[in-house]
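Input: a single structure, listed below in structure tokens.
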Amino acid sequence: TDRIWVYNNLSYDHPNGHGCFVWDPDNGPTNVLFAHNTLINNRISFYFGSKRSTAEIVNNLGYSLGSAISNGTSKSSIQAHDNLWLAAPTGFVSAEGKDFRLTSASTAIGKGKPVPPFSDDLGNTYRITTDFAGRERGDDVGLDLGAFAYP
């Protein structure tokens, strides 16, 4: 399993589970990209349970009830950078109402870095240019973290 891209998603309210889970009984997925996801009220935001995986976790926004990232194997290579793990689910229009759009008070605004283009095994190149709602995200320094760009 190779070249898996998970971006612009919401994962919330899994108090005994994981927001995103990577597992493969053999060697594990490689070249996994998790970018611009919002993960709220999950026990663990990202869990890796494969024998050997490679992944990059970038520009995500989360509030975990346990840990942000859990790697169940020492043979995996997980690169996590430019993410924001909140101490409380704040900075959203209404976390209680499951509206995870950012408010002007959000600490996630302008904290992201450009995600380099990624490609498939046929040579096609892709970029993350929109957010969860389909609005333009841009590609400059100072991108908003999580699934939604502000405003």
Side-chain angles (χ1 to χ4, degrees), residues 1-24 29-48 50 53-71 76-151:
T1 308
D2 185 47
R3 301 177 196 200
I4 299 170
W5 312 314
V6 181
Y7 58 92
N8 289 344
N9 291 284
L10 300 174
S11 178
Y12 56 89
D13 291 347
H14 300 105
N16 297 313
H18 315 296
C20 291
F21 183 89
V22 175
W23 179 83
D24 186 315
T30 55
N31 298 307
V32 179
L33 172 67
F34 290 104
H36 290 289
N37 298 292
T38 299
L39 304 107
I40 304 295
N41 292 329
N42 303 303
R43 172 65 47 202
I44 298 170
S45 290
F46 294 99
Y47 178 80
F48 296 86
S50 301
S53 294
T54 59
E56 182 176 11
I57 302 169
V58 60
N59 292 349
N60 296 286
L61 174 61
Y63 168 71
S64 300
L65 303 174
S67 61
I69 301 169
S70 179
N71 185 358
S76 291
S77 173
I78 311 301
Q79 297 178 3
H81 57 93
D82 302 305
N83 300 291
L84 178 60
W85 308 114
L86 302 168
T90 60
F92 302 109
V93 170
S94 174
E96 299 81 20
K98 313 306 178 217
D99 187 344
F100 298 111
R101 291 176 295 146
L102 303 178
T103 66
S104 61
S106 175
T107 56
I109 295 173
K111 302 290 190 208
K113 300 285 191 301
V115 176
F118 41 96
S119 61
D120 62 20
D121 58 349
L122 300 175
N124 299 308
T125 302
Y126 304 91
R127 297 185 66 79
I128 301 171
T129 59
T130 58
D131 72 357
F132 182 86
R135 292 177 299 187
E136 288 297 315
R137 186 176 285 282
D139 58 4
D140 296 335
V141 173
L143 298 171
D144 300 334
L145 301 176
F148 292 101
Y150 178 80

Check whether any side-chain N or O of [X] sits under 3.5 Å from a backbone N or O of [Y] as a donor-acceptor pair, and report yes or no.
X   : Y   : result
D2  : P29 : no
N60 : N37 : yes
R43 : P15 : yes
S11 : G19 : yes

Compute the centroid of each ring, for F100 and then for F148, and state whether the two points are separated by less than 6.0 Å. no
Taking the six-membered ring for Trp, are F34 and F46 closer than 6.0 Å centroid to centroid? yes
Criterion side-chain contact (heavy atoms from CB on, under 4.5 Å) on I128 and T130, from CA distance to verdict: CA-CA 6 Å; I128 301 171; T130 58; over 6 Å; no
So [Y] and [X], do their side chains get closer than 4.5 Å, heavy atoms only?
X    : Y    : result
L65  : N41  : yes
F92  : R101 : no
I78  : F48  : yes
N124 : S119 : no
V58  : H36  : no
E56  : H81  : yes
T38  : N8   : no
T107 : L84  : yes

Might you point out which heavy atoms bring [X] and [Y] nearest each other, and give the distance in Å?
X    : Y    : value
T103 : I109 : O-CD1, 3.3 Å
N83  : L145 : C-CD1, 4.2 Å
H14  : N42  : ND1-OD1, 2.9 Å
L143 : P114 : CD1-CA, 3.9 Å
A147 : L10  : CB-CD2, 3.9 Å
S76  : S53  : OG-N, 3.0 Å

Under the side-chain hydrogen bond (donor to acceptor under 3.5 Å, both in side chains) rule, collect the residues that match up with S64, sequence neighbours excluded. S45
Rounded distance (nearest 0.5 Å) linking atom [atom1] of [X] with atom [atom2] of [Y]:
X    : Y    : atom1 : atom2 : result
I40  : D13  : CD1   : CG    : 9.5 Å
E136 : T129 : CD    : OG1   : 5.5 Å
L33  : T54  : CG    : OG1   : 11.0 Å

Mind checking whether W5 and Y126 have parallel, tilted or perpendicular rings, split at 30° and 60°? tilted
Kindly indicate, with the supporting measurements, whether the criterion side-chain contact (heavy atoms from CB on, under 4.5 Å) is fulfilled by L61 and L102. CA-CA 11 Å; L61 174 61; L102 303 178; 3.8 Å; yes
Output yes when R137 and D144 qualify as a salt bridge under the 4.0 Å nitrogen-oxygen rule, no when they do not. no
Worked check of salt bridge (Lys or Arg N to Asp or Glu O under 4.0 Å) between R3 and D120: CA-CA 7 Å; R3 301 177 196 200; D120 62 20; 5.4 Å; no
Y150/S104 under side-chain contact (heavy atoms from CB on, under 4.5 Å): CA gap, chis, key distance, verdict: CA-CA 8 Å; Y150 178 80; S104 61; 3.3 Å; yes
OH of Y12: more than 12 outside heavy atoms within 6.0 angstrom? no
